[in-house]
> 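Here it is: the structure, laid out below.
To find a chain, count down the sequence lines: A is the first, B the second, and so on, and within it residues start at 1.
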Amino acid sequence: MKKYNPKKIEPKWRKEWEEMDVFRARDKSKKIKCYLLVEFPYPSGEGLHVGHCRGYVALDILARKKRMQGFNVLFPMGWDAFGLPTENFAVKVGIHPAIVTKRNTANFKRQEKKLGLSFDWLREIKTTDPDYYKWTQWIFLQLFKKGLAYKIKMPINWCPSCKIGLANEEVVEGKCERCGYNAVRKEREQWMLKITKYAERLIQDLELVDYPERVKIAQKEWIGKSEGWEVEFKIPNLLNSALLQKSGGKLKIPVFTTRADTLFGCTYLVLAPENPLIEQLKDKIINYKFVEQYIKESKKKIEKERLSESREKTGIELKGIKAINPVNNREIPIFVADYVLMSYGTGAIMAVPGHDQRDFDFAKKYNLPIIDVIKPTEKPTEIRVSIVKPYRNQGLSKAYEGEGVLINSGRFTGMKSEDARERITEWLIKKGLAKKATHYKLRDWIFSRQRYWGEPIPMIKCEKCGWQSVSEKDLPIKLPKVKEYRPSETGESPLAKAEKWVKTNCPKCGTLAKRETDVMPNWAGSNWYYLRYCDPKNDKKLAGDNLLKKWMPVDWYNGGMEHTTLHLLYSRFIYKFLWDIGAVPKSVGPEPYKKRTSHGIILGGGGIKMSKSRGNVVNPDEVIKNYGADTLRIYEMFMGPFEQMIPWDTKGVKGARRFLEKTWWLKEKTNNSKQITDNKELECLIHKTIKKVGDDIESLKFNTAVSALMILANELDKQEEISLVHYLLFLTLLSPFAPHITEELWERAGLKGFCCQQKWPKYDEKLIKQETINLIVQINGKVRDKIEIKAGISEEGVKDIVLKSKKMIKWIENKEIKKIIFVPDKLINFVL
RNA sequence: GCCCGGGUGGUGGAAAGGUAUACACGCAACACUUAAAAUGUUGUGAGCUUUCAAGCUCGUGUGGGUUCGAUUCCCACCCCGGGCACCA
């Protein structure tokens, strides 16, 4: 037999599979469906990364195994091809983004094919294809119709380098996520999506899905639900004033709190600089000039900067007005400070310096009264207990934020804080001064990008009629060809310069109107792509009901940990919306992905992140050239736990290749008779391996699955002669991991058909049980001996054997046996 | 600060509360070879005793606890990685 030469055999089998259409998902098959999904990649210029391969190979193994088990598997692939890097690259080298994209996807596809991934390529989709983004635009129209898309002038995070508006999620440490440039604040009209309307359901429905606990936690925290109360603080100067009348009696300050039990300790209020109340009250504010100045300063800073810049709090009092604490009618001052956010709660807080560290810091700085109203129940500190006077300005350097018993709280004094917040609010609600409220950290989603390479937002602005949606029959609104796709200095989308394209007629009144020139963000296309795979060629609907019913929901979705809070949340939101409006049949259920897993990233040598600048990027092409695709697959699965991040080790690749070499040469030892050589031990090992490999694949423990296959190969290698049956079993088990070599060996063993189309072997529970067992003998829990016995011997029997053995006599002699612990077929422990 | 991971040989890692270090890498010795590579065989946690056959002690970040028995469960702490961060 000739040497193992992956360069020759791998292309051969890929061609055969393709010609025989082996991996096609059958729309009409009666077999049970299994929809396995990997995140479709953004086809960057750098090409496929070994990190991509890890997730793809893992689900490919699963797909191959499921097919062998008789499932009708849908395992598709596509391209999330709109996006900034492509556009930036295009700007840099002066080639149109469409051409760059075409080139990059071709390269990705070539690389993926070389890995032997069993995708159904007939379902390939591309988000930049008008036939695809027609439906992305259609979804936007539906959102608009239902009032979930709206345009609003708002301060956005602006990257002066990319000249683009950024979502909060895209600003990392005050910097643009892509280029690292400092983001600034800029007012712009932006399309927004009301994801906040779905906040509650996005939390609740996590109960229905099988995601890793940490992913669920991350999503919940991102949404950030907190339940509390809105409490009203009146402004006494305004009671009966003309201003109050003008506003219809609405001029009061609502405040959101989860700690209503600390209300008696509230000594001032703080408003966010953007709070519109300040503007409304400006006639009453004596020092409005200074206040205005402060607001101007803080507006310049982007939000993240404002929060992280320094812990030192700043603010200014609104002189001339006061608020009234509803629990004790005490007059308290009002401040503006930028540590309070307009985007959370009501844009105003009640400050309780005794029991909130931020308020405490602020109160210290501006010398405001601090009142303790909660006494810790456990470990009472002497200062806390001794407080009698309501005011305290010196002493403690920290606020007590825990629970306890109320003090200085009128008739609520002595009550437990947990109960007090209910009681106090009940009382206030009766008086009409409070109501229950729930707030979320999650904000609406900025959906406009002032760029070229994205889906045009299908909206028209008419001077008379306002924003009008494009008629559905006019979709897709194709991205026009422009000469200049660089973003303009004004921050307007490059599409604004495509005058002919911009000019259109109002769908309502027919007069001259303008198209929206903003495009959608990256996420738009990836929100719903898994639906399109079910019916990729449909031109009547985003996907037909019957096919959605057939394939959805996704049974298993694997992707990167970095997408847990963005893509995963966004796509669940859009899915729910589509389900609500009936674009997805009701029977599919409210969640798109039944199960989600994520792979750990692959680090470069030395445990640092792979990056071009560090020069430690491993290119899969190189590995395949030197070792073969099967080796790469085996190594990536063997390197360590799937969900854990792990450094790449070139030496480790060798081990994977050696294993395949060994597999190759096992063929030489195989006899051609169907007779099974009588070898109980080997038989047992084989059945154990069948069980182990099968179970491990299902629970993503690929590393131990490969290890089990290696053990079996080593054992087979020790045999004088291997019977064909055993050999074929081994090949079948190995086939999902190393599909090319097993196919070749299958053929060389003189068998017809494909190895990858064999039935997945079943194990025999009876054969797994060993006949003889190494039983552990312990004295006081320490291993003193191992004895070989027949399986199934009773405690008495084992005891007899042990007590007679010379080795054990010296331990047990002259000592009293207090207790014996016996685990059948495993262990006996003598307690002396 | 908070929330998630994770600390096991020289390295990646394996262990339903029951033989700690499977499997692989690396290293060492030997075999094959003119030689090297490749391959194969053997050894490989630390320390001690030693009649060379083995035996003992210690060992899974640290300190306690539960248990006949803990890498695994509980409590406290230390270190590393990731995420979130003035969210009222």
> For atom C1', what is the distance between B/rG43 and B/rC52, given to the nearest Å?
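Going atom to atom, C1' in each nucleotide, I get 16 Å.
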
> Rounded to the nearest angstrom, tell me the gap between atom CG in A/Asp649 and atom C1' in B/rG26.
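That distance rounds to 9 Å.
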
> Using the six-membered ring wherever Trp is involved, compare the ring planes of A/Trp445 and A/Tyr570 and label them parallel, tilted or perpendicular (cut-offs 30° and 60°).
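A/Trp445 and A/Tyr570: parallel rings.
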
> So, is A/Asn703 close to the B/rG12 phosphate, meaning a side-chain N or O under 4.0 Å from OP1 or OP2?
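No, A/Asn703 has no side-chain N/O under 4.0 Å of OP1/OP2 on B/rG12.
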
> How close or far is atom C1' of B/rA15 from atom CD1 of A/Ile776, stated in whole angstroms?
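A/Ile776 atom CD1 is separated from B/rA15 atom C1' by 13 Å.
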
> Please report the distance separating the P of B/rA14 from the corresponding atom of B/rG9, rounded so that it comes out in whole Å.
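Going atom to atom, P in each nucleotide, I get 14 Å.
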
> Looking across every strand, which nucleic acid part, if any, lies under 4.0 Å from A/Arg784 by heavy atom: base, sugar-phosphate, or nothing?
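A/Arg784: backbone/sugar contact only, no base atoms under 4.0 Å.
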
> In Watson-Crick or G-U wobble terms, both distances under 3.5 Å, what is the partner of B/rG5?
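When the pairing criteria are applied, B/rC80 turns out to be the nucleotide that pairs with B/rG5.
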
> Tell me whether the OP1 or OP2 atom of B/rC68 has a side-chain N or O from A/Lys819 closer than 4.0 Å.
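Result: yes.
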
> Look at all strands and tell whether A/Lys818 reaches a base, only sugar-phosphate, or nothing, counting heavy atoms closer than 4.0 Å.
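Since no nucleic acid heavy atom lies under 4.0 Å of A/Lys818, the category is nothing.
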
> For atom C1', what is the distance between B/rA29 and B/rG82, given to the nearest Å?
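It comes out at 44 Å once rounded to the nearest Å.
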
> Between the side chains of A/Lys662 and A/Asn714, does any donor sit under 3.5 Å from an acceptor?
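Result is yes, a qualifying pair exists.
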
> Under the rule syn = chi within 90° of 0, otherwise anti, which is B/rG82?
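The base of B/rG82 is oriented anti (glycosidic angle more than 90° from 0).
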
> Tell me which nucleotide, if any, is Watson-Crick or G-U wobble paired with B/rU60 when both distances must be under 3.5 Å.
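WC or wobble partner does not exist here.
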
> Whole angstroms only, please: what is the CD1-C1' distance between A/Ile646 and B/rG7?
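Atom CD1 in A/Ile646 sits about 14 Å away from atom C1' in B/rG7.
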
> Is there a Watson-Crick or G-U wobble partner for B/rG10 with both distances under 3.5 Å, and if so, which one is it?
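Paired with B/rG10, as far as the under-3.5 Å criterion goes, is B/rC25.
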
> Ignoring backbone atoms, establish whether A/Gln644 has a side-chain N or O less than 4.0 Å from OP1 or OP2 of B/rG81.
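For B/rG81, OP1/OP2 do not have a side-chain N/O of A/Gln644 under 4.0 Å.
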
> Within the structure shown, what part of the strands sits under 4.0 Å from A/Met350 by heavy-atom distance: base, sugar-phosphate, or nothing?
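If one applies the 4.0 Å heavy-atom cut-off, A/Met350 turns out to touch nothing in the nucleic acid.
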
> Under a 3.5 Å limit for both distances, which nucleotide forms a Watson-Crick or G-U wobble pair with B/rA54, could you say?
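Pairing partner: B/rU49.
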
> Quickly work out the A/Lys662 NZ to B/rU39 C1' distance and round it to whole Å.
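Rounded to the whole Å, the gap is 11 Å.
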
> Who is the Watson-Crick or G-U wobble partner of B/rC32, with both distances under 3.5 Å?
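Pairing partner: none.
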
> Check the angle between the aromatic planes of A/Phe362 and A/Tyr339 and answer parallel, tilted or perpendicular using the 30° and 60° thresholds.
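Taking A/Tyr339 first and then A/Phe362, their aromatic rings sit tilted (interplane angle of 30° to 60°).
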
> If I take atom CD1 in residue A/Ile817 and atom C1' in nucleotide B/rC68, what distance separates them, rounded to the nearest angstrom?
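To the nearest whole Å, that distance equals 13 Å.
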
> May I ask you to say whether A/Glu715 pairs ionically with A/Lys718, meaning some side-chain N is under 4.0 Å from a carboxylate O?
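The answer is yes: the pair qualifies as a salt bridge.
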
> Take the protein atom CZ of A/Phe642 and the nucleotide atom C1' of B/rG13, then report the distance between them rounded to whole Å.
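Answer to the nearest Å: 17 Å.
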
> Is the phosphate of B/rA24 approached by A/Asn714 (side-chain N or O, under 4.0 Å from OP1 or OP2)?
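So the side chain of A/Asn714 is within the cut-off, an N or O lying under 4.0 Å from OP1 or OP2 of B/rA24.
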
> Indicate, with a heavy-atom threshold strictly under 4.0 Å, whether A/Thr564 touches base, sugar-phosphate, or nothing.
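Since no nucleic acid heavy atom lies under 4.0 Å of A/Thr564, the category is nothing.
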
> What is the distance, rounded to the nearest whole Å, between atom CG of A/Asp696 and atom P of B/rA16?
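Rounding to the nearest Å, CG of A/Asp696 and P of B/rA16 are 11 Å apart.
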
> For atom P, what is the distance between B/rU60 and B/rG5, given to the nearest Å?
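Going atom to atom, P in each nucleotide, I get 23 Å.
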
> Which whole-number value in Å describes the distance from A/Lys225 NZ to B/rA88 P?
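Whole-Å distance recorded here is 13 Å.
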
> Between A/Lys669 and A/Asp717, is there a side-chain N and carboxylate O pair less than 4.0 Å apart?
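Salt bridge between A/Lys669 and A/Asp717, a charged N being under 4.0 Å from a carboxylate O: yes.
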
> Can you tell me how far P in B/rC58 sits from the matching atom in B/rA53, rounded to whole Å?
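Comparing P positions in B/rC58 and B/rA53 gives a spacing of 26 Å.
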
> Check whether any side-chain nitrogen or oxygen of A/Arg658 sits under 4.0 Å from OP1 or OP2 of B/rA24, and answer yes or no.
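No, A/Arg658 has no side-chain N/O under 4.0 Å of OP1/OP2 on B/rA24.
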
> Reading RNA chain B from 5' onward, which residue's closest nucleotide shows up sooner: A/Glu213 or A/Gly640?
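Here A/Glu213 is the residue nearer the 5' end.
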
> Under a 4.0 Å threshold between the charged nitrogen and the carboxylate oxygen, would A/Arg596 count as salt-bridged to A/Glu39?
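So A/Glu39 pairs with A/Arg596 through a salt bridge.
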
> If you measure from the P atom in B/rC23 to the same atom in B/rU72, how many Å do you get, rounded?
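After rounding to an integer number of Å, I get 24 Å for this pair.
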
> Give A/Asn829 one of three labels, base, sugar-phosphate or nothing, depending on what nucleic acid heavy atoms sit under 4.0 Å from its own.
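Base, at least one base heavy atom under 4.0 Å.
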
> With a 3.5 Å cut-off and just heavy-atom distances, do the side chain of A/Glu643 and the base of B/rG5 make a donor-acceptor pair?
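Answer no: no donor N or O sits under 3.5 Å from an acceptor.
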
> With C1' as the reference atom in both, quote the distance from B/rG12 to B/rU62 in angstrom, rounded to an integer.
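The answer is 25 Å between these two C1' atoms.
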
> Phosphate oxygens OP1/OP2 of B/rA16: is one of them under 4.0 Å from a side-chain N or O of A/Lys692?
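Indeed not, no polar side-chain atom of A/Lys692 lies that close.
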
> So, is A/Thr704 near the phosphate of B/rC23, with a side-chain N or O under 4.0 Å from OP1 or OP2?
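Answer no for this pair, as no side-chain N or O of A/Thr704 is under 4.0 Å from OP1 or OP2.
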
> Is there a Watson-Crick or G-U wobble partner for B/rC73 with both distances under 3.5 Å, and which nucleotide is it?
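Pairing partner: B/rG65.
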
> If you count every heavy atom of other residues, nucleotides or ligands that lies below 6.0 Å from A/Glu698 atom CD, does the total exceed 12?
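Yes, the 6.0 Å shell around CD holds more than 12 heavy atoms from other groups.
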
> Compare side-chain N and O positions of A/Arg214 against OP1 and OP2 of B/rG6 and report whether any pair is under 4.0 Å apart.
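For B/rG6, OP1/OP2 do not have a side-chain N/O of A/Arg214 under 4.0 Å.
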
> May I ask you to say what A/Lys701 touches in the nucleic acid, namely base, sugar-phosphate or nothing, with a heavy-atom cut-off under 4.0 Å?
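The residue A/Lys701 makes sugar-phosphate contact but no base contact.
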
> Using a cut-off of 4.0 Å on non-hydrogen atoms, how would the nucleic acid contact of A/Lys441 be classed: base, sugar-phosphate, or nothing?
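If one applies the 4.0 Å heavy-atom cut-off, A/Lys441 turns out to touch a base.
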
> Taking atom P in both B/rA24 and B/rU42, what distance in whole Å separates the two?
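The same atom, P, in both gives a distance of 12 Å.
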
> Looking across every strand, which nucleic acid part, if any, lies under 4.0 Å from A/Asp359 by heavy atom: base, sugar-phosphate, or nothing?
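Contact class for A/Asp359: none.
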
> Assess the side chains of A/Thr314 and A/Tyr294: does a donor N or O sit below 3.5 Å from an acceptor N or O?
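The criterion, which ignores hydrogens and geometry beyond distance, is satisfied for A/Tyr294 and A/Thr314.
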
